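What you are looking at is a predicted structure, and each value in this text was computed from that prediction instead of being measured.
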Amino acid sequence: MNFSPVKSKYKKIFKGKIFNQLYKNTNSNSLYMGNLGLKAVEHGILSIKHFDSIKQSVRKVIKKFGRIFFINFPQLAKTTKPLAMRMGKGKGSVEDWICKFQPGMIICELNTLNIPLGIKALATAKFRLPIKSKLTFEK
């Protein structure tokens, strides 16, 4: 699965801010595709590499006994300039695609009938992330 966007309105965007408040969007706060989920506890940025590592670690544990869903995708372009470049001369080229997370947003969801195996899979994926996260369950 390729996590980079196929089409975006603007090629390069400004960085923006992550404010210290809970995310108010109800779509990102609750589970609706699976019965287990991984929820962000703090602010942070995840790149394509982090999403790939989550997918690999979960698939290694659950094999064919479940399905993983990603609700938020990397859609913000991260740009960099070469080290020897002087100031000015415009914005740098696109290096990576990232996704910003705020506390309460769902990182990924897992739909499985074997709940203990799903908890083990998400617990292994949790340690690969640069931000703190916790497991959530469907009520």
Side-chain angles (χ1 to χ4, degrees):
M1 179 187 298
N2 189 8
F3 286 107
S4 58
V6 176
K7 184 180 175 185
S8 60
K9 187 172 182 181
Y10 299 107
K11 186 177 172 187
K12 302 171 188 176
I13 56 149
F14 290 108
K15 193 186 295 186
K17 299 259 192 282
I18 298 178
F19 297 104
N20 290 327
Q21 57 185 344
L22 280 174
Y23 197 69
K24 302 292 190 238
N25 190 356
T26 56
N27 294 340
S28 297
N29 288 350
S30 58
L31 298 173
Y32 67 96
M33 298 279 281
N35 50 8
L36 296 170
L38 201 61
K39 185 184 273 195
V41 177
E42 65 180 5
H43 299 282
I45 294 172
L46 298 182
S47 66
I48 294 174
K49 293 177 185 176
H50 297 119
F51 283 94
D52 279 334
S53 66
I54 291 170
K55 184 179 72 170
Q56 286 176 1
S57 63
V58 168
R59 279 194 180 168
K60 193 178 281 187
V61 175
I62 64 166
K63 305 208 177 354
K64 293 185 179 180
F65 296 109
R67 188 165 177 199
I68 188 165
F69 301 101
F70 290 99
I71 307 304
N72 300 305
F73 288 96
Q75 56 193 3
L76 304 175
K78 180 182 173 188
T79 59
T80 54
K81 288 179 129 182
L83 288 173
M85 184 72 75
R86 292 189 180 183
M87 297 292 283
K89 308 281 191 291
K91 197 168 172 76
S93 59
V94 175
E95 179 195 74
D96 197 11
W97 293 93
I98 60 170
C99 183
K100 294 181 181 180
F101 280 95
Q102 293 178 333
M105 288 180 69
I106 301 293
I107 298 171
C108 68
E109 296 183 16
L110 186 64
N111 189 9
T112 182
L113 296 175
N114 193 346
I115 301 298
L117 190 68
I119 291 171
K120 183 180 175 185
L122 288 177
T124 57
K126 187 169 90 168
F127 292 113
R128 293 179 175 236
L129 297 177
I131 60 175
K132 289 181 184 175
S133 57
K134 65 178 182 180
L135 295 174
T136 59
F137 302 95
E138 185 181 65
K139 293 174 184 173

Visitor: Can you tell if the side chain of Pro5 reaches within under 4.5 Å of the side chain of Phe73, non-hydrogen atoms only?
Guide: no

Visitor: If you define the side chain from C-beta out and look only at heavy atoms, does anything of Leu36 sit under 4.5 Å from Thr136?
Guide: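 The answer is no, as the side chains (C-beta and beyond) never meet within the 4.5 Å cut-off.
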
Visitor: Are Leu113 and Leu122 in one and the same hydrophobic cluster, where Ile, Leu, Val, Met, Phe, Trp and Tyr link if side-chain heavy atoms are under 4.5 Å apart?
Guide: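 No, no single cluster joins them.
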
Visitor: Using side chain to side chain contact (heavy atoms under 4.5 Å, CB included) as the criterion, list what pairs up with Thr124, not counting sequence neighbours.
Guide: Ser57, Val61

Visitor: Are Phe65 and Val58 connected, step by step, through hydrophobic side chains (Ile, Leu, Val, Met, Phe, Trp, Tyr) whose heavy atoms are closer than 4.5 Å?
Guide: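 Yes.
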
Visitor: Has Lys12 got a side-chain atom pairing as donor or acceptor with Gly92's backbone, closer than 3.5 angstrom?
Guide: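 Judged by distance alone, yes, a pair lies under 3.5 Å.
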
Visitor: If you count heavy atoms of other groups shown closer than 6.0 angstrom to NZ of Lys78, is the number above 12?
Guide: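 For Lys78, atom NZ is not crowded (no more than 12 foreign heavy atoms under 6.0 Å).
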
Visitor: Do Ile119 and Phe137 make a side-chain contact, defined as non-hydrogen atoms from C-beta onward lying under 4.5 Å apart?
Guide: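 SC-SC contact between Ile119 and Phe137 confirmed.
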
Visitor: Taking side chain to side chain contact (heavy atoms under 4.5 Å, CB included) as the test, write out the residues that go with Leu46, two or more places apart.
Guide: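 Scan of Leu46 (side chain to side chain contact (heavy atoms under 4.5 Å, CB included), adjacent residues dropped) gives His50, Phe51, Phe101, Ile107, Leu129, Pro130, Ile131.
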
Visitor: Donor-acceptor check, side chain of Glu109 to backbone of Met33, threshold 3.5 angstrom: yes or no?
Guide: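 Pair found, side chain donor or acceptor close to backbone of Met33.
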
Visitor: What closest approach, in Å, do Leu110 and Asn35 show between heavy atoms, and which atom pair accounts for it?
Guide: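 Reported closest heavy-atom pair: O-OD1, 2.9 Å.
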
Visitor: For Phe14, is there any backbone N or O sitting under 3.5 Å from a side-chain donor or acceptor partner on Lys91?
Guide: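 Not a single qualifying donor-acceptor pair exists.
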
Visitor: Does some side-chain heavy atom of Ser133 sit less than 4.5 Å from a side-chain heavy atom of Lys39?
Guide: no

Visitor: Any sub-3.5 Å donor-acceptor pair from Lys81's side-chain atoms to Gly88's backbone N or O?
Guide: yes

